[in-house]
Amino acid sequence: MSLWKALGLAPSEADKRLIKLVSQSYESVRVVGRGTVKIDPHEVSQTSEFRKAREQAKAIVARA
């Protein structure tokens, strides 16, 4: 057992999953502070998921 793990400072399995998720997401994603995530909005707006969600939102608003 490593010293870090013995002291409770080693990353848990949940921490490792989050690190993997963040590293596989946007290029501009940065974790700052405790739980704060920053992402370039321009990069997000260029994704197909965002464009699809924007079209769905437009359709919902148009019906209202």
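Sequential numbering from 1 along the given sequence is applied to the chain's residues.
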Please tell me whether V31 and Y26 are part of a single hydrophobic cluster in this structure, the criterion being side-chain heavy atoms less than 4.5 Å apart.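 Both belong to a single hydrophobic cluster.
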Check E49 with K52, please: is the shortest side-chain N to carboxylate O separation under 4.0 Å? no
Taking the basic N atoms (NZ, or NE/NH1/NH2) and the acidic carboxylate oxygens, is any pair closer than 4.0 Å for K16 and E13? yes
Interatomic spacing from [atom1] in [X] to [atom2] in [Y] - rounded to 0.5 Å:
X   : Y   : atom1 : atom2 : value
R54 : S45 : CZ    : OG    : 7.0 Å
E43 : S25 : CD    : OG    : 8.0 Å
R30 : I39 : CZ    : CD1   : 10.5 Å

Any side-chain heavy atom of L21 sitting closer than 4.5 Å to one from Q24? no
